[in-house]
Every structure is written in C-alpha cells, then in structure tokens.
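What follows is a set of notes on a single structure, which appears directly below.
The first residue of the sequence shown is numbered 1, and numbering continues consecutively from there. Nothing here was measured: the structure is a model prediction, and the numbers come from that model. Every heavy atom of this structure was used, including side-chain atoms; hydrogens, water molecules and symmetry mates were not.
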Amino acid sequence: MSDKVLKLGIPAGSLQESTAELFKRAGYVIKFSSRSYYPTIDDDEIECLLIRAQEMARYVDQGILDAGITGYDWILETGADVQEICELQFSKVSRRPVRWVLCVPEDSPVQSVKDLEGKRIATEVVGMTERYLEKHGVTAKVEFSWGATEVKPPKLADAIVEVTETGSSLRANNLRIVEELMQSTTRFIANKQAFEDPWKREKLENIAMMLESCLAAEGKVCLMMNVVRTDLEKVLNLLPALQKPTVSSLSDPDWVAINTIMEESVVRSIVPKLKAAGACGVVEYQISKIID
Ligand SMILES: Nc1ncnc2c1ncn2[C@@H]1O[C@H](COP(=O)(O)OP(=O)(O)OP(=O)(O)O)[C@@H](O)[C@H]1O
Ligand SMILES: O=P(O)(O)OC[C@H]1O[C@H](OP(=O)(O)OP(=O)(O)O)[C@H](O)[C@@H]1O
Ligand SMILES: [Mg+2]
C-alpha cells in the first residue's frame with residue numbers, strides 16, 4: 001500500500017447521500033456500512049471518515065483531516081481557518097443554496113427582527129444569530145438548539161433561526177419566514193498545510209475537477225446534426241450564444257457535422273427551427289461531465 005494517503009471527511013447527515021452520489025458520478029465509489037464511521041472508497045490513496053457537517057471545518061483546520069465536504073454556513077459558524085478548494089452547488093435534494101431564515105409561527109405579530117426585542121430565539125447557529133441581532137440593534141435571548149428546532153415555537157421559543165431548502169419542514173410546522181440571514185452552498189475544503197503539499201494538492205485539485213465537471217454537465221445535453229455547407233451559417237445562428245459548436249467535415253464535401261452542448265430545456269424550442277433551417281440527422285445525447 002502506498003504511504004501517500006489523503007484523509008477525506010464525508011459529511012454525515014443531510015449531505016451524506018448527495019455527496020456519495022456526486023462522487024459516484026465523478027468516478028469514486030464510496031460505500032457506507034451501518035455503525036461504521038469509516039466509509040470505504042475505491043481508491044487506495046484516500047481514507048474516508050464520516051464526520052458531522054458542523055464539525056468538519058474544525059477537524060480540517062486542526063489537520064485531523066486533510067480535506068472535507070461541508071456547508072459554507074458551518075465554516076463561518078465555527079470560524080475555522082481552512083482553504084476552500086471549490087464551491088459545489090448541491091444541497092440535500094436540489095441544486096439550490098440552503099437559506100438560514102428567521103421564522104415565527106404563522107399567527108405571530110412579529111413582522112421584522114426589530115420586533116424580537118427581549119424575546120427568545122432557538123437555533124443551532126448561535127453565533128450567526130447573535131451577530132445578526134447585533135447588526136440590527138436588537139437584544140434578545142439566543143438559545144442553542146440541538147435540532148428539531150421547528151417544533152419549538154411558540155411554547156419553547158418566540159422565534160427560530162433554521163436552515164431551509166424546500167420549505168416543507170417550515171410549512172409542516174406552520175412557520176412563516178420573517179427574514180433571511182444568509183444563503184449557503186456546499187464547499188470542498190482543505191487543511192492549509194495539506195494544501196501546500198504538492199502530492200495532496202494535485203490529488204485534491206483532481207478530485208475537485210471531477211466533482212465540478214459532473215455538476216457543470218447537469219441539465220445539459222449534446223446535440224449533433226448534419227447540414228449542407230450553404231445552410232451552415234443559418235443553422236449556427238440558431239444555436240445558443242456563448243457556445244462554440246464543433247464543425248467537422250463529412251465524407252461528402254458538400255456537408256458538415258455540427259456538435260454542440262446546450263441546456264436540455266431549450267432543445268424542444270430549438271430543434272424545430274434547426275430542422276426548418278436545413279439541419280438533418282439531429283441526434284441528442286446525454287453527457288455526464290464537462291471539463292473546461
Ligand atoms: N436540506 C437540507 N437540510 C439541512 N441541511 C442541509 C440541507 N441541504 C444542505 N444542507 C447542509 O448540510 C449541512 C447540515 O448538516 P448537519 O451536520 O447539520 O447535519 P444534519 O443533516 O442536520 O444532520 P442531523 O440529521 O444529525 O441534524 C449544512 O451545512 C447545511 O447547509
Ligand atoms: O426546507 P426543508 O427541505 O424541509 O429542509 C430543511 C430541514 O432539514 C433539516 O432537518 P434535519 O433532517 O437535519 O433535522 P434536525 O432538525 O434534527 O436537524 C433542517 O434542520 C430542516 O429541518
Ligand atoms: Mg440537522
């Protein structure tokens with residue numbers, strides 16, 4: 001076995017499954033077994049450790065892990081001094097950032113943070129909440145919550161600061177958003193010293209490139225078509241701007257092939273126009289990675 005090993009933190013909890021799924025598409029198979037905090041990965045040079053997202057940045061900062069995946073929210077909240085390798089735009093179920101929001105019961109009279117003077121606020125992010133109150137000149141009691149925070153108002157708290165993605169937990173608990181404190185996305189982070197090690201840095205940058213390339217390809221497809229040279233300009237003008245289509249010659253010198261990438265959502269409106277402009281043999285195919 002190689003003495004070169006990268007210690008990688010995989011986030012337990014909300015990001016666990018989506019992280020493993022993204023790694024799988026990037027070419028790394030991570031397997032979890034119940035009760036074990038050491039997931040396996042099909043790369044002898046990587047050692048995985050399952051760690052709570054809240055603690056990831058701290059362990060990366062301390063060098064117990066060389067790198068890890070966690071939310072920007074917890075990097076800020078823990079004040080950890082880590083190197084961000086890249087942003088990875090994925091959450092538990094969607095590709096949207098999560099939002100940390102101040103919420104009250106639907107029927108609460110509270111309309112803004114200013115109405116919380118002297119009130120009790122329950123949250124997992126005490127630091128972020130206290131800084132927000134201070135910024136708005138409000139003095140309130142911020143109580144740390146271990147989770148299941150949505151059930152606390154109105155009996156155990158007047159308001160909460162909680163993370164939301166789809167909003168279903170807030171709706172299920174009859175909570176109304178008053179204000180948004182911040183948005184957060186997932187980040188790939190490294191220990192600063194580990195990032196200075198050439199072998200680790202190259203390994204980390206390669207993993208980051210593969211992960212990013214999978215996210216970049218989402219929602220996009222490749223379109224291939226043939227066209228007579230005289231119609232080429234007309235067809236190219238219909239293709240989305242910012243793309244640089246590949247134009248290659250065919251065995252028949254009067255014809256060329258065009259290959260281009262576009263958002264899957266625009267295909268249905270573009271294809272009929274391409275056809276009318278002379279494109280034929282149009283083929284759409286799925287792509288799994290885009291490396292710029
Ligand atoms: N739908 C989501 N709900 C909660 N957190 C999410 C979601 N999507 C992404 N995240 C991110 O995941 C991290 C939350 O992970 P955390 O360690 O708090 O675990 P958890 O999923 O809440 O686990 P637990 O079930 O133990 O509370 C945060 O960085 C957060 O921004
Ligand atoms: O807006 P939504 O899509 O509903 O997602 C947000 C919910 O998911 C998380 O709960 P988690 O499962 O971590 O439970 P917890 O409250 O015990 O942390 C988070 O704390 C919210 O409750
Ligand atoms: Mg949670």
Side-chain angles (χ1 to χ4, degrees), residues 9 11-19 50-62 68-82 84 87 89-187 189:
S14 293
L15 292 174
Q16 184 173 334
E17 288 309 320
S18 42
T19 297
L50 200 55
I51 299 270
R52 291 291 301 266
Q54 293 101 319
E55 299 181 310
M56 187 71 74
R58 182 157 54 91
Y59 288 132
V60 169
D61 184 355
Q62 291 170 2
I69 305 252
T70 187
Y72 179 61
D73 40 16
W74 288 109
I75 302 172
L76 274 193
E77 186 67 8
T78 54
D81 185 21
V82 293
E84 182 178 315
E87 179 180 21
Q89 277 255 16
F90 74 93
S91 298
K92 183 181 186 176
V93 295
S94 73
R95 294 330 190 200
R96 289 190 304 273
V98 295
R99 304 161 65 208
W100 282 92
V101 288
L102 174 69
C103 299
V104 294
E106 285 285 5
D107 57 4
S108 160
V110 171
Q111 293 302 328
S112 96
V113 62
K114 306 266 184 214
D115 301 329
L116 287 170
E117 187 67 36
K119 303 276 200 238
R120 286 166 313 161
I121 307 172
T123 186
E124 283 182 70
V125 287
V126 173
M128 187 199 302
T129 304
E130 283 180 344
R131 280 192 299 279
Y132 190 75
L133 291 172
E134 199 185 326
K135 194 173 97 191
H136 290 88
V138 175
T139 309
K141 189 160 191 303
V142 181
E143 290 171 354
F144 176 72
S145 169
W146 288 94
T149 313
E150 288 96 337
V151 301
K152 296 198 170 171
K155 286 211 173 102
L156 303 173
D158 300 298
I160 61 168
V161 170
E162 180 52 334
V163 67
T164 180
E165 183 183 357
T166 64
S168 62
S169 306
L170 299 181
R171 276 192 298 277
N173 290 283
N174 291 315
L175 295 167
R176 164 167 62 81
I177 297 177
V178 179
E179 281 168 32
E180 179 182 297
L181 282 74
M182 77 168 294
Q183 296 197 353
S184 172
T185 53
T186 305
R187 309 290 162 108
I189 54 170

Donor-acceptor pair, distance only, cut-off 3.5 Å: does the side chain of [X] make one with the backbone of [Y]?
X	Y	value
Glu162	Thr149	no
Ser184	Val98	no
Glu84	Arg187	no
Glu165	Ser94	yes
Thr70	Ala53	yes
Thr186	Phe90	yes
Asp61	Ala57	no
Glu143	Ala157	no

Quick one: [atom1] on [X] to [atom2] on [Y], what's the gap to the nearest 0.5 Å?
X	Y	atom1	atom2	answer
Ser108	Leu175	OG	CG	10.0 Å
Arg120	Lys155	CZ	NZ	11.5 Å
Ile121	Leu116	CD1	CG	5.0 Å
Arg99	Thr164	CZ	OG1	7.0 Å
His136	Arg131	NE2	CZ	13.5 Å

If I compare all heavy atoms of [X] with all of [Y], which pair ends up nearest, and what's the gap?
X	Y	result
Val151	Ala148	CG2-O, 3.1 Å
Lys152	Ser145	NZ-OG, 3.0 Å
Pro97	Gln183	CG-OE1, 3.7 Å
Pro105	Arg176	O-NH2, 4.0 Å
Asn173	Glu150	ND2-CB, 3.4 Å

- request: Please tell me if the side chains of Val125 and Leu181 come closer than 4.5 Å, counting only heavy atoms from C-beta onward.
  value: no
- prompt: Is the shortest heavy-atom distance from the side chain of Ser112 to the side chain of Glu179 under 4.5 Å?
  reply: yes
- prompt: Which of these, Val161, Leu133, Thr129, Ile160, sits in a side-chain contact (heavy atoms from CB on, under 4.5 Å) with Leu102?
  reply: Val161
query: Is it the case that more than 12 heavy atoms not belonging to Arg95 sit under 6.0 Å from its CZ atom?
result: yes
- request: Count the heavy atoms of every other residue, nucleotide or ligand shown that sit under 6.0 Å from OH of Tyr132, and state whether that count exceeds 12.
  value: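 Correct, the count exceeds 12.
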message: So that I can tick it off, tell me whether Glu55 and Arg58 are bridged by a salt bridge, with the cut-off set at under 4.0 angstrom between side-chain N and carboxylate O.
response: yes
Result block: side-chain N/O donor-acceptor pairs under 3.5 angstrom for residues 74-82, not counting sequence neighbours:
unit_1: Glu77; atom_1: OE1; unit_2: Met128; atom_2: N; d: 2.9
unit_1: Glu77; atom_1: OE2; unit_2: Val126; atom_2: N; d: 3.2
unit_1: Glu77; atom_1: OE2; unit_2: Gly127; atom_2: N; d: 2.8
unit_1: Thr78; atom_1: OG1; unit_2: Trp74; atom_2: O; d: 2.7
unit_1: Thr78; atom_1: OG1; unit_2: Ile75; atom_2: O; d: 3.2
unit_1: Asp81; atom_1: OD1; unit_2: Lys192; atom_2: NZ; d: 2.6

task: For the pair Thr139 and Glu117, evaluate side chain to side chain contact (heavy atoms under 4.5 Å, CB included) and give the outcome as yes or no after the intermediate values.
output: CA-CA 5 Å; Thr139 309; Glu117 187 67 36; 3.4 Å; yes
